[in-house]
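Please read the structure below before turning to the comments.
Reminder, nothing fancy here: chain letters follow the sequence lines and each chain counts from 1. From a predicted model like this one, the values you see are computed outputs, not experimental measurements.
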Amino acid sequence: MAKRLNNLLRGQYAALRAYSTPERSGRSFSYGNRTAYPLRVRLPSSVCLRRSLRRALPLDLPATVLRWLYANWRKFWYALRQLSGDDAYERYLAHHSACHANTAPLSRKNFFQHEQQQKWSDIKRCC
Amino acid sequence: MYNKIFSASIWIAVALLGAAALGGIALNRGEPINALWFITAALCVHAVAYRFYAAWIAARVLAIDPTRATPAERLNNGRDYIPTNRWIVFGHHFAAIAGPGPLVGPTLAAQFGYLPGTLWILIGAVLGGCVQDMVTLFFSTRRNGRSLGQMARDELGAIGGIAALIATLLIMIILIAVLGLVVVNAMKHSPWATSTVAATIPIAMLVGLYMRDIRPGRVLEGSLLGVILLLLAVAGGSWLDHQPGLRVLFDHPGLTLAWAVIAYGFAAAILPVWLLLAPRDYLSTFIKLGTVVLLALAIVWLQPAVKMPAFTQFIDGSGPIFGGKLFPFVFITIACGAVSGFHALIASGTTPKLLSNERDIRMIGYGGMALESFVAIIAMIAATVLDPGVFFAINSPAGVVGKEAAAAVAKISSWGFPVTVEQMSLLAQQMGEATLFARTGGAPSLAVGMASIFGSAFGQGMLALWYHFAIMFEAIFILTTLDAGTRVGRFMLQDMLGNIWQPLGRTSWYPSVLLTSGLVVAAWGYFLYIGVIDPNGGVNILWPLFGISNQILAAIALCVATGILVKSDKLKHAWITGLPLTWLVIVTSSAAWEKITSPDVRIGFLAAANDLAGKLASGVLPPEKAASAPTLIFNQRLDAALTLFFVCLLWLIVLDMLRICARHLNGKPVPPLSEAPHLVTQLEEAWQRD
C-alpha cells in the first residue's frame, strides 16, 4: 500500500508509464500521413494491487496510512510548496543559472511582482 | 495471464458495484436513501469511464504520443512554459476549473428531485464534459498552448474565431452577474454574513502586502496567516451580530449590497493584482480545497440520508426556484457540474503550457473534470439531505410563495413538502440568521446543508459558525471569480478596442484601464441590477441565461474539436465530440426557444414582458410597481434579445464547422491543421534515470 501510493505520488508509476515502442509491440496505426504508437494504458498492475491488498488488509489501515504519511512528509511539503508557488523563486533561480547564467537574475521581490502580473493577465479562474 | 484475469475481475466488480448503486438510486421511490450510494455510484462510474473510455480516446482517437516533446519542453522559459510534475499540473488545473458553478447548479436543480440532476452530472461529465476538457487540452498542447479562440480562427476560419471571442466576453459578463447575485442574496439582511464577507477584503490586502513587502513571495506563510484571519472573521461576525450599534452598519437590502458589489468589482479591476486579486485567490483556493475534502469525508463518515424524493411534481415546469420543464432546463441548470464550456478556456490556456508529457493529458483533462463532477455530486447531496420542505422554504422567492412566513409555509406544505413556521424559525435561530425564508440563489441552502452535515460530524453547538463559514467559503471564491473575470473581460475589451483606436489597446494606459473596466463592470452590473430588482428572484432569469451561455461555449469548444478530428481524417471517431455537441445544440436551442417563445410568464421572457405591459396599460398595478414596470419590461426584452443572439452565434459556428468538414470530405481546400511539428522529447531519459 505504502509503496504503491508512494510511487503514485512520485509520478513514476511504471505500469502507467510503459508505452509500447514499435519494436516491442509491433502494433501501430496511422491517421492521414502520420503513424502513431498506441499507449499501453493499464490499470496499476494487478500484481501490485494484490500485494498491496495482502499488505494492507491484515494490518490496521490507519497505522499504515500514518506511517506512510510520516515516511513521506517531505514529499508532501515539496508538493505543497510547488502547488502553491511558494518555491517559484527557487525554481526560477535554477532555470536562470542553467539557461541565462551570464545575466543577473531578478531579485525575489521583483520576480514575484512580475510573476503575479503575468499570471493574472489570462483566464485563471472559472465558474 | 493470471494478472489479466485478476484485473478483469476487479473491473467487473467495480462496474457491477457502480451499476448496483446507480440502480438503487434510480429505482428507489418514496424512502430516504443513504448518501453513500451516490458517492459509490459516482466513484465507480468515473473509475470505469476513466479506465476504459478515456484510455480508448487517448490511445485510439487522439493517438497520444509520449515520445513527442510538449510545448513546455520545447518552449521552456522557466515561467509560463515549464515542464511540471503531473500531480502539480493536476492541482493547478483543478483549482482553476473548480468554482462556485458545480456547487450552485446542482442545488438549484434539486427542485426536480435528486435523480435527474444526479444522472446528468454523471452521464454528462463522462460522455461530454470530461471529453471536452481532454480533447481541448490535447489539441491546445499540439498547438503550443494556443487559446480556444485562436484555435477556432486557425482551424475553422475568421467567422469561428470572432464568434468564439464574442461568446467568451458575453458569457463572462453573464457569469459575473449571476455569481454577484448569489453573493448578494447570501448577504441580504444578514449582518454576520455581510461583515464576514466584507472582512475578507482587508484580510486579502494584508496578505497581499505581506507577500509583496514583508516576506516577498512567501505564499504559504501569507496564506496561513490569511486563513487564520478569515476564521477569526467568521467568529468575529458572531460578536458583531450581537452589537446593536454595529450590526445596523451591515444590515442592508439587496439593492444596496448590489451597488456595493459593483463598486467592489470596479475597484478590484483597477487596483494592482498583488493588492487584492492574487492574495484573495490564494486564500480562496486553500479554503475551497479544504472545505470540499472535509465535506466529502464528513459525508462518507456520517452517511446522511437523502430526504428529497427522486422526482418532484416540478418536472412539469411549475417549479418555484426557476420555471421550466425537466427537459431542457435540468441540463441548462446543472451546466458546470456536467459540461462546462469555461473549462475549455482553462484547458487551452495555462495547463497545456505546463504538461511535461502528452500521456498526462488523460489524467489532467479527463480526471480533472471527473473530480469536478464528483464535487457537483457532493453539492447535490448537501442540498438533498435537507428536508424538502425546508429546502423549498429557503429557495423559493417571495414572489412565488408569498412574503409572510405563514403563507409561504402553507403554500410549500400544500405541494406535499410539510414544513412549519416553528421549524424554520428554530433553524434560522440555530444558523444565527433572522430568517431563512426566500434566501434564493442556492448559497444559503447549500450552507444550511453543509452546516447540518458538519454540525452532526463535529458537534451541533457550532451550527451558526459552520453556516457562516460556508457562506464565507462560497463568497470568497465567487468574489475571486468576479475579480478575475472583470479583469479578463477588460483585457479582451482592450484587445478589441485597440483595433479601432490603438492607445485603447494599451493595458497599462490608465485612461483606457478606467474606461474599459467601467464598461465591463457596467455591463455585468446592469444584469446584476436586473436580477436584484426582479420580484420573482433574479435566479429565475439569470441562471438559465448563464446556463445557456455556458453550454454554448462548450458547444463552440466541441465544434472546434470535431472540426479538427474530421480534418485529421478521423471521421470514424468524430462522434466522441460530435455526440455531445449534437446534444448540447439540441438542449441549448430548445431552452432558448422556450425562454423566448413560451407563453408561461415564469419561463418566456417576452411573455413576461407582454404580461407586465398589459397590466401596466390597464392600470391594475399598484403605484410603486407601476414605477418600476417599464424597466422590468425593457429588461425582459433585453434578455430575450440576448438569448436569441447566443443561439444565432451557436448556429453560425456549427454551420461553419459543418461547411469546413464538408469541404474537407469533398477534397476541397480548407485551412490547414495548425499542429506544431513533431520533435522527440529529451525529457524521457532523465525521467527513467531517477
Side-chain angles (χ1 to χ4, degrees), chain A residues 8-12 16-17 19 21 29-47 49-50 79-89 91-92 94-96 98-100 107-127, chain B residues 3-4 6-7 10-11 51 55 58-60 63-67 76 78-80 82 85-88 91-92 96-97 99-101 175 179 211-212 216-220 223 273-274 277-278 281-282 336 340 342-343 345-346 349-350 359 362 480-481 484-485 487-488 491 507 550 568-570:
Chain A
L8 220 65
L9 188 79
R10 290 172 61 194
Q12 294 185 333
L16 277 177
R17 295 177 68 228
Y19 56 89
T21 60
F29 43 88
S30 51
Y31 283 112
N33 53 0
R34 291 195 312 99
T35 308
Y37 305 104
L39 267 175
R40 206 171 63 211
V41 195
R42 270 226 235 129
L43 173 81
S45 132
S46 50
V47 180
L49 199 66
R50 208 167 61 240
L80 185 67
R81 290 198 68 202
Q82 210 180 342
L83 263 176
S84 61
D86 201 50
D87 67 345
Y89 186 62
R91 276 185 284 147
Y92 161 75
H95 171 82
H96 192 90
C99 304
H100 321 278
S107 72
R108 183 184 267 275
K109 191 170 169 175
N110 280 341
F111 169 76
F112 190 62
Q113 278 172 12
H114 274 260
E115 181 93 327
Q116 278 195 332
Q117 204 60 46
Q118 193 188 21
K119 181 174 169 187
W120 290 103
S121 55
D122 198 358
I123 297 175
K124 279 284 175 181
R125 289 293 174 261
C126 78
C127 44
Chain B
N3 283 347
K4 267 192 178 167
F6 187 77
S7 149
I10 289 222
W11 280 108
R51 168 63 185 83
R60 289 301 159 100
I64 275 175
D65 181 357
T67 63
N76 185 356
R79 287 197 165 178
D80 49 349
I82 321 168
N85 178 297
R86 61 188 182 145
W87 289 97
I88 306 294
H92 281 300
I97 65 172
L175 165 78
L179 293 181
M211 287 191 210
R212 180 174 177 264
R218 262 60 167 219
V219 172
L220 283 177
S223 303
V273 281
W274 62 264
L277 177 55
D281 179 64
Y282 286 122
C336 301
S340 178
F342 234 80
H343 294 186
L345 303 179
I346 307 282
T350 332
R359 73 163 86 84
R362 175 167 73 126
T480 310
T481 309
R487 199 168 276 270
V488 170
F491 287 136
T507 49
N550 182 316
S568 336
D569 297 316
K570 297 182 190 177

Under 4.5 Å from any heavy atom of chain A - which part of [X]:
| X | value |
| --- | --- |
| B/Val219 | both |
| B/Leu175 | side chain |
| B/Ile346 | side chain |
| B/Arg218 | both |
| B/Asn76 | both |

In the structure I gave you, are the side-chain heavy atoms of [X] and [Y] within less than 4.5 Å of one another anywhere?
| X | Y | result |
| --- | --- | --- |
| B/Arg359 | B/Asp65 | no |
| B/Thr350 | B/Asp80 | no |
| B/Met211 | B/Trp274 | no |
| B/Phe342 | B/Ile97 | no |

* To do: Quick one: do A/Arg81 and A/Asp86 satisfy salt bridge (Lys or Arg N to Asp or Glu O under 4.0 Å)? Show the steps, please.
  => CA-CA 5 Å; A/Arg81 290 198 68 202; A/Asp86 201 50; 3.0 Å; yes
Picking from [options], which has the most non-hydrogen pairs under 4.5 angstrom with chain A?
| options | value |
| --- | --- |
| B/Ala278, B/Gly91, B/Gly101, B/Gly349 | B/Ala278 |
| B/Leu345, B/Thr481, B/Leu277, B/Leu179 | B/Leu277 |
| B/Asn550, B/Val488, B/Leu220, B/Thr480 | B/Leu220 |

* Asked: Most heavy-atom pairs under 4.5 angstrom with chain B, which of A/Gln118, A/Lys124, A/Lys119?
  ->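 The answer is A/Lys124.
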* To do: Go through A/Gln82, A/Arg108, A/Gln116, A/Lys109 and name the one with the most non-hydrogen pairs under 4.5 angstrom from chain B.
  =>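 Looking at each of A/Gln82, A/Arg108, A/Gln116, A/Lys109 in turn, A/Arg108 comes out on top.
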* Do the rings of A/Phe111 and A/Tyr92 sit parallel, tilted or perpendicular, given the 30° and 60° boundaries? ->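 If you compare the ring of A/Phe111 with that of A/Tyr92, the planes turn out parallel.
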* Asked: For A/His96, is it the side chain, the backbone, both or neither that has a heavy atom under 4.5 Å from a heavy atom of chain B?
  ->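 For A/His96, no heavy atom lies under 4.5 Å from chain B.
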* To do: Measure distances from A/Gln117 to the heavy atoms of chain B and classify the residue's part below 4.5 Å as side chain, backbone, both or neither.
  =>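 Looking at A/Gln117, backbone and side chain both touch chain B.
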* **Gap separating the CG atom of A/Leu83 from the NE2 atom of B/His92, nearest 0.5 angstrom** =>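 Taking CG in A/Leu83 and NE2 in B/His92, the distance rounds to 5.5 Å.
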* Shortest non-hydrogen separation from B/Ser223 to B/Tyr282 and the atoms involved ->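 Nearest pair, atom of B/Ser223 first, then B/Tyr282: OG-CB, 3.6 Å.
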